[in-house]
Amino acid sequence: MTSPTATVVRLKLALLRNGLRQSGGRRAAFAASAVVALLFALSQLAGLILLRGRPHADVVAVIGTAVLALGWAVLPLFFPTGDETLDPTRLVLLPLHPRPLVRALLAASLVGIGPLFTLLVLTGCALALAHGPAGYAVAVASVALALLVCVALARAVAAANVRLLTSRRGRDLAVLSGLVIAIGAQLVNFGAQRLGSAGLEPLRPAADVLTWVPPASAIGAVRSASEGAYGVAAGQLAVSLAGLALLLAAWARSLNRLMTAPDGSTLQPLDAPARDRSGTAGPARLLPGGRTGTVMERSLRYIWRDPKTKAAWVTSLAIGLIVPVFNAVQGTGSIYFACFAAGMLGIQMYNQFGQDTSAFWMVAMTVSSARDAYAELRGRALALLLVTLPYAVLVTVLTTSLLDAWARLPEALGLSFALLGAMLATGAWTSARFPYSIPQEGHKNVAPGQAGLAWIAIFGGMVAAALLCSPVIALTLWLHVTADGAARAWLLLPAGTGYGAALTLLGLRLAAPRTAARLPEILTAVSKG
C-alpha cells in the first residue's frame, strides 16, 4: 500500500491554508503570533549561543529542554482545539494501519509554528554545549532526536486522552490551564527571585538527573561528546532513542484502540439503574426553599458543570489565594493583600445573565415584576456568598498567620467583607445594564462586538466598588493615625460586615427594577454567542 505520509502532510498544509482563508482577522492573528513566536525563538537562540563557555551553560540547556518537553506534553490537554489533526478519530473510517499512520502523523506534526520554535530553541541549547567536530556532529543528531521526542510525546498524550478531550465533559480539563498558569507564574517569580541571589548552582543536581531523562539526555550527549566522553554520549543518545521508541509504541497502541474499540463513554450498561430525579438530594437539601433555593442550586450547578464558568471560578480561586500567600511567604506581603480573595471572587457577580447564554430565556419567562427580579438576583448573590465568605475568611486567616499579624485580623476581614458587598452591589447593577454574551465554544470570554460592554461592566464596576468602599477605608486610616485607634481597630469587623451587607441589599434593590424592565435587551445581548 502507498505510504500515507505525503497525503497527511498535504492535509495538514491544506487545513492551515483553508483556516487562514476564512477571514482577514484570522490571517492577521496568525501572522502576528508567528512573528512574535519567531522573534522570541531567535532571541532565545542568540542568548543560548552567548552562553557558550559559561560555567552553567549545561544547566540552562538541559533544564530548558526538559521544560520544552513538559510544554509539549501538557499543552494538548489544555488546548485540545488548537490543532485539528490532534484528533485521530477523524481517520477511523479510512483503511489505514496504526504504524503507517503514526509515521504520517509524526511527519505532519513537524509542520507549524510550534515545531519551528522548538527547533530553534533546541538548536540554541545544543550550540551552547557543542565544542569540536564530535560535539557538532552529535548536536545535529541530538536536536533532531529531541524534536521528535517532543512531538511524539505530545501526540501520545493526546491520543491516549482523545476520548476525554473531544467530549463535552472532558473539555473541562482545560479549566486546569487557568490554575496551572496562575500557580506557575508565581512559582517562576518566586524561583527567579531565589536564583537571583543564589545563582544557578542550586539547579545543578536537577540538571544532572535530567541528563539521563529524554529528551534532555539528547542535549546532555552534546556536552559529553564535546568533553570526549563518547561512551556516556552514546548512552545518553540511546536513552533518548529508547524513549522515542516507547512513545511511538504507546501512540500506535492508542491509535489501534481508537480505530477498533467502541467509545465506551457513550455506551450505557444494560443493567444500569434509572436515576431517580424526584426530589432534592445531597447538599442541595440544605438550601432554602422557594425560588431562592432553586436559583442558588442552579448557580452552583453552573459553577460545577459549565466549562467557562468553572474556568473563571478556578482561576479566581487560585489567584485570590496565590497573591497574598506568596507575597507573605516572600516577606513582601501585607495583611491588606488578603482582600484580593474577596475581590477576585466578587468579579463573578458581574455579567450574571451572560453566564446563562441563550438559556436565559427560560429565566426571563419566570420574571414578570421587580419582585421576581429581586428574588433572582438575591439567589445568585447568595450562591456566590456561599463560596466566597468562607474562602475570604480562610485566605485572610492564612495570610495573617504567615505575617504573624493577628492583631490586624479584624480590620482585614472587615475590609474584605465591605469590598465583597460593594462588588455584589455593583455587579448586580452592571449585569442588568451592561450584559454581554460568553461564547460556549473556543477560548474567548466575550462575543465579537461586545468587548466594549465587557470592559465597561467589569472595570467600571470595580472602580465604583472601590469608591463605595471609601468610607471603610477612611475609617481604617483614621483609626491608624489616632492615638488610641489600635485598641479600637476591632470595630472594623462589625462595621465592614454591616456596611457590606447594606451595600449588597441596596444594590440588589436598585438593580431589580432595571432587570425587570430590560429583559428583552438582556436576552438579546446574552444570546449573541
Walk me through it: do Val395 and Phe340 pass the test side-chain contact (heavy atoms from CB on, under 4.5 Å)?
CA-CA 9 Å; Val395 173; Phe340 212 83; over 6 Å; no
For Thr504, what residues pass the side chain to side chain donor-acceptor pair (under 3.5 Å) criterion, not counting sequence neighbours?
none
Roughly how far apart are Leu475 CG and Leu479 CG, rounded to 0.5 Å?
4.5 Å
For residues 380-420, the ring-ring contact (aromatic ring centres under 6.0 Å, His included) pairs (sequence neighbours left out) are none
Does the Asn327 side chain pair with the main chain of Ser334, one donor and one acceptor, at a distance under 3.5 Å?
no
Distance-only side-chain donor-acceptor flag, Thr400 / Arg408, under 3.5 Å:
no
Identify the two heavy atoms, one from Gly507 and one from Ala425, that lie closest to each other, and give their separation to 0.1 Å.
CA-CB, 3.8 Å
Tell me if a side-chain donor or acceptor on Thr388 pairs with a main-chain N or O of Leu385 at a distance below 3.5 Å.
no
In short, side chain to side chain donor-acceptor pair (under 3.5 Å) pairs touching residues 419-433 with sequence neighbours left out are Tyr350-Thr426
Going through the checks in order, is the side-chain contact (heavy atoms from CB on, under 4.5 Å) test met by Leu377 and Thr515?
CA-CA 9 Å; Leu377 289 170; Thr515 301; 3.8 Å; yes
Sequence neighbours left out, what pairs pass ring-ring contact (aromatic ring centres under 6.0 Å, His included) with at least one residue falling in residues 356-378?
Phe353-Phe360
Measuring from Leu287:CG to Thr292:OG1, what's the distance to the nearest 0.5 Å?
10.0 Å
Check Ala511 against Ala432 and note the closest heavy-atom contact, atom names and distance.
O-CB, 4.3 Å
Gap separating the CG atom of Leu506 from the CG atom of Leu424, nearest 0.5 angstrom:
12.5 Å
Within 6.0 angstrom of Arg291 CZ, more than 12 heavy atoms from elsewhere:
yes
Is Ser470 reaching over with its side chain to a backbone N or O of Ala466, donor-acceptor style, under 3.5 angstrom?
no
Per the side-chain contact (heavy atoms from CB on, under 4.5 Å) rule, which among Leu122, Leu68, Leu38 passes with Phe117?
Leu68
Are any side-chain N or O atoms of Glu411 and backbone N or O atoms of Ala407, one a donor and one an acceptor, separated by less than 3.5 Å?
no
Could you go through the side-chain contact (heavy atoms from CB on, under 4.5 Å) check for Trp72 and Val157 one step at a time?
CA-CA 9 Å; Trp72 276 91; Val157 171; over 6 Å; no
How would you list, by chain and number, every residue that makes a side chain to side chain contact (heavy atoms under 4.5 Å, CB included) with Ile473, sequence neighbours excluded?
Leu415, Cys469, Leu477
Spatial distance of atom CE (Met344) from atom CH2 (Trp313) [nearest 0.5 Å]
11.0 Å
Quick check: closest heavy atoms across Cys150 and Ala69, and the distance to 0.1 Å?
SG-CA, 4.0 Å
Could I get the full list of salt bridge (Lys or Arg N to Asp or Glu O under 4.0 Å) partners for Arg298, not counting sequence neighbours?
Glu376
Which distance, rounded to the nearest 0.5 Å, do you find between the CG of Leu403 and the CZ of Phe337?
9.5 Å
I need the Leu409 CG to Leu493 CG distance, nearest 0.5 Å.
8.0 Å
Please give me the minimum heavy-atom distance between Gly346 and Leu420, naming the atom from each residue.
CA-CD1, 4.2 Å
Minimal heavy-atom distance between Ser109 and Val151, with the atoms involved, is CB-CG1, 3.1 Å
Which heavy atom of Val393 sits nearest a heavy atom of Leu413, and at what distance?
CA-CD2, 4.0 Å
